[in-house]
Amino acid sequence: MADDFDKNGHMNHKNHEENKKKDMGHMDMSHNHQGHDDHMNMDHDQMKMDNSHENHGDMGNMDMGHNHQGHDDHMQMDHGQMKMDHQNHDMSNMGSMPGMDHDMSGMGDMGGMPMNHSNMKQRFWWSFALLIPLLFVAPFMGVDLPITLTFPGSNWVMLILAVAMYAVGTQPFFSSAKIELKQKKPAMMSLISMGLLVTFWVSVYAFIAKTFFKVDAMDYFLEFGTLVVIMLLGHLIEMQATMKAGNATSELSKLTPATAHVKEGDSFTDKAVSDLTNGAVVQVLAGESFPADGTVLSGSSQVDESLMTGESKPVKKAEKSSVIGGTINGEGTLLVQVSAVGDDSFIGHLKKTLNQTEASSSKAESLANKVAGWLFWVGLTAAILALLIWTAISGLTTAFNIAVTTLIIACPHALGLAIPLVIQRTKALAAKDGILIKKHGAVLSAKHLDYALMDKTGTLTNGHFQVQKLVTNKISDHDALAIMAALEQQSSHPLAKAIVQKAKDDGVTVTAGQDVQTIAGAGISGTVNSQHYFLVSARYLTEQHIDFEPLDADGSISYLTDGHQVLAAVSLGDSIKDSAKDFVAQLKAHQITPVLVTGDAKKTANKVAQELGINVVQAEVSPEDKINLVKQYQQKGKTMMIGDGINDSPALAQADLSVAIGAGTDVAQASADAVLISQSLPKIIDLINLAHNANRKEVENLWWGAGYNILAIPTAAGLFAFAGIMLNPLIGAIVMSLSTVVVAINALLLHK
């Protein structure tokens, strides 16, 4: 297995896969799978795998049988929380899902505001509490309302409340505005900050002028307070409606153990995995994860590599076999020499690929940020021009008031709620359909998709074995299942479990098999109801000169015989999801080209594609191939990726829109824009339709939230003064408030 690694110690994945097949070349197994999909999930939560079932599958020219090496030799594979219980999934608890905590990272609409949910919530409620008394002591655009209270010292109360609100509520906006300005891309946070600064400091100036110099001046403390509260509310809504994108690389790190059993002399010492170096010798006990990539020095076991390579069945490992960090050891104990750690390991390379993909992926800039950026420059430019021109015409005092009015009119009260309300409504509707939207920017920008790339196993198929075909001869189906289940019920191998489950589903009473023995490289034998039976491969029948008619079926095939004649033949394999065919048809109806992308063999991939009506098939692809395929299709149009495995994660991160299957890995879910919790694939079509409608509402709300500025800003700046038209600040504020109400109502009208 030395050629599994290059001269620098990096894993050569191509050679690794080839050598993995060579390692298994001596095995004779008759459960003949037609190929391996890129990643098959087989209820990893509680899967017990019989160490004796030696990797059923069609690995090139291998004849793979039902090879039991002892039913008492079981290996326990516990994959933690790899499987979601769809039946008992409570949507109300979706916030507690791994990688789904609220966070501001990656939220373009909010300018990357460095504030967590708890902090923002506290700032909002403190600001809201301060706004209530401010409503009773501050005038509205210089006009006392019926509720306005004036008493000795009321102006001081107004100042203190505003200063407290300034200290509590403005910091998130100013911090993010600094980031935007440093990047020379002023957007939403810059526009909000400009409005906050102008309304607050002009009001402080007005307070000083009126209190100490008895000079009449208009303050905007109430406008400042409402702007703080509305902006905090908008961003709080968006935070509550947006799940954390999830860090796929951190999820990858969780796959390796924290400590390793390192050999020192004749004993073993537990050391931190981070301290491992190439050449170190570690012991990996049954059921433990491998701490790093390496080569087996001694021992024999079977390893579950499904998380990393997509290999659905346990892979036999013996001396000189290569192992991958993060994969799970079976029943045996292995002594492994470390060959690659950190960035040089399989997981390290995958992390690097993920980081590069997420950094280079072109996520559309928020439309709200674009509009806010335009308003920032328009408002600032109009205010400066108004100050200069009106100073020459009417003096500094008049010019100053006009410039301030212009800047206040540009304040994005409604704009701050326009997108968050649409996002919240979109998230709520999607959740009812069993879809968790994590990265709303990608979902809302998916106005039109041209291609849908889909993994096979676990995505279009159920991802676990079941009886596909049963043919009997001189025996009933009921009796055949009873005998086969009696032989298999002590085994926890996936193929054996499928037969036992079929018997259970059909209400077959299963008795205990006696003297159950494995037949090396062939199958299993035992006594049921005083009669001896064999459940074996076609090859065994041929060698024993037992006449039989080969079963015409895909999947893994076994034959039940009494030693003289074949009584039954059973085919086991993965099955296509009930909703898959309808999903593919709906994709085509939406002018989206479905593409099957799988690591499975071409024959199996083509058969599934033909049954589903998929015309484009990309088979036998590696994780690197998948990401390259996504990039190729992105050259032609908007591309969606649907998958569930760790090796799908780079492609999911690269795609314009990505959906992870809820029963898949945490890494895939962390990389995707949305997670399908529902078992119905057509729900993804509902998500696409919802994205269309949400995008339309987003544009409508932006027009309602900022459209009036097209006339309001130039009017406030005095552009139409020659015709005797000047914008009354009070009228401008009323129109601004009405647009906020319209935005809220319009968002609530969103439907799928």
Side-chain angles (χ1 to χ4, degrees), residues 28-34 50 52-54 56-58 62-71 464-576 604 607 611:
D28 182 12
M29 302 174 145
S30 71
H31 263 320
N32 181 24
H33 284 260
Q34 297 302 316
D50 188 349
S52 62
H53 283 267
E54 306 236 17
H56 301 66
D58 182 7
M62 295 171 57
D63 181 12
M64 308 189 88
H66 206 72
N67 184 15
H68 301 248
Q69 292 184 351
H71 285 275
H464 58 264
F465 289 108
Q466 65 182 43
V467 174
Q468 293 181 325
K469 190 173 184 179
L470 175 63
V471 176
T472 58
N473 175 38
K474 298 181 180 179
I475 189 175
S476 68
D477 289 359
H478 181 280
D479 290 343
L481 279 174
I483 296 169
M484 289 188 288
L487 296 174
E488 295 281 29
Q489 65 179 340
Q490 296 182 40
S491 173
S492 56
H493 189 282
L495 300 174
K497 288 173 65 178
I499 292 175
V500 174
Q501 184 62 46
K502 174 64 174 175
K504 181 180 178 181
D505 293 342
D506 289 1
V508 175
T509 300
V510 180
T511 60
Q514 303 296 321
D515 300 323
V516 177
Q517 302 289 332
T518 59
I519 304 172
I524 190 171
S525 68
T527 301
V528 180
N529 296 328
S530 302
Q531 174 66 46
H532 202 65
Y533 295 100
F534 302 81
L535 186 60
V536 291
S537 65
R539 180 175 178 178
Y540 178 86
L541 296 176
T542 301
E543 291 175 349
Q544 297 299 316
H545 305 291
I546 300 174
D547 292 334
F548 72 101
E549 183 178 345
L551 180 63
D552 183 15
D554 291 319
S556 178
I557 301 173
S558 290
Y559 297 87
L560 178 65
T561 175
D562 58 6
H564 304 287
Q565 62 180 338
V566 172
L567 303 174
V570 61
S571 170
L572 301 101
D574 198 3
S575 59
I576 295 174
T604 303
K607 182 179 183 300
E611 187 170 344

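Heavy-atom basis, side chains included; hydrogens, waters and symmetry copies ignored. Just so we're clear, the structure is a prediction, and the values are computed from it rather than from any experiment.
Considering only heavy atoms from C-beta on, Leu470 comes within 4.5 Å of Met484 through its side chain. Residues Gln517 and Ile519 are not in side-chain contact: their nearest non-hydrogen atoms beyond the backbone lie 4.5 Å or more apart. Residues Ile499 and Leu535 have side chains in contact (heavy-atom distance under 4.5 Å, counting atoms from C-beta outward).
Contact detail for Glu488 and Ala496: the closest heavy-atom pair is OE1-CB, 3.3 Å. Residues Leu567 and Tyr533 approach most closely at CD1-CE2, 3.7 Å, considering heavy atoms. Across every non-hydrogen atom of Phe534 and Ser525, the tightest pair is CD2-CB, 3.5 Å. Residues Ile546 and His564 share a closest heavy-atom pair of CG2-O, 3.8 Å. Between Ala482 and Val510, the closest heavy-atom pair is O-CG1, 4.2 Å. Nearest heavy atom pair, residue Ala480 against residue Ile475, reads N-CD1, 3.9 Å.
Thr509 contributes atom OG1, which lies 13.0 Å from atom NZ of Lys504 (distance to the nearest 0.5 angstrom). With values rounded to the nearest 0.5 angstrom, Gln468 atom CD is found 9.0 Å from Ile576 atom CD1. Between atom CG of residue Asp515 and atom OG1 of residue Thr527 there is a gap of 5.0 Å, rounded to the nearest 0.5 Å.
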In sequence, state the C-alpha distance, the side-chain angles, and the governing distance for Lys474 and Gln565, and then conclude on side-chain contact (heavy atoms from CB on, under 4.5 Å).
CA-CA 10 Å; Lys474 298 181 180 179; Gln565 62 180 338; 3.7 Å; yes
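In Glu549, the CD atom is not crowded: 12 or fewer heavy atoms of neighbouring residues, nucleotides or ligands sit closer than 6.0 Å.
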